[in-house]
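In what follows, a structure is listed as structure tokens, so that the remarks can point back to it.
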Amino acid sequence: MAVFSYPGQGKSSAIVPFVNYWLIKTEAAMYSIDDLARDKRVPWTGIRNYQARNFIRDGMKVGDLCLFYHSVAEPGIYGIAKVASKPHADLTAQDKKDEHYDPKSTKENPIWMCVDVQFVKKFKRPVSLVELKAERELGGMLVLAKGSRLSVMPVSERHFKYIVEKLVS
DNA sequence: GCCAACGTTGGC
DNA sequence: GCCAACGTTGGC
């Protein structure tokens, strides 16, 4: 939480949630923005990369907004999701039948974390990877970096707002 | 389907 | 701790 004071209101101030911004990746064939629109809220499981896990564990807070990115087929940003829970253990890692089962994960040391994500909106039109790359304003976005393979990564407020307020509206 | 770029694993 | 082998990701 961060304290913001509003100009013109003397000494008054208000506590408002401090929002972080993220980009979460998925293959549409596996789980798409339409699937999230249908399900409304799901645990974002299956992240098996330590750097991505650390972003989830150490950075994600309820209310954070996520660009919803489809990789591989027609790559681009398709909408927005919201972090709807605190980070918690990803139990699919302890499920032998799950495709993301990890024998190193135990009840005592779950290793892998996830948050619940909630559907916010699907863009009227997706912002393709080609379009993202063409925007000078978006230079430095992690997802555009060569070799960027993280499935969860932070996004700056400036980049987030440029995409949502300038590119898709 | 190809292949570059990564991350992880395991032998030493 | 090094590093080759291997598996995966993801753009094209």
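The figures that follow rest on heavy atoms only: side chains count, while hydrogens, waters and symmetry mates do not. All chains are named by letter (A, B, ...) in the order of the sequence lines, taking the proteins before the strands, and each is independently numbered beginning at 1.
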- Is a salt bridge present between A/Asp90 and A/Arg53, judged by a nitrogen-to-oxygen distance below 4.0 Å? no
- Item | Contacts of type side-chain contact (heavy atoms from CB on, under 4.5 Å), residue A/Arg149, not counting sequence neighbours | none
- Message: Could you work out, with side-chain hydrogen bond (donor to acceptor under 3.5 Å, both in side chains) as the rule, every residue matching A/Lys122, not counting sequence neighbours?
- Response: A/Asp34
- Query: In terms of hydrophobic clustering (I, L, V, M, F, W, Y; side-chain heavy atoms under 4.5 Å; direct or indirect links), are A/Val72 and A/Leu144 co-clustered?
  - Reply: no
- Once base and sugar-phosphate atoms are separated, protein heavy atoms under 4.0 Å mark nucleotides 5-12 of chain C, 5' to 3', with B, S and - as --BBBBSS
- Query: Taking everything shown except A/Glu74 itself, do over 12 heavy atoms lie less than 6.0 Å from its CD?
  - Reply: no
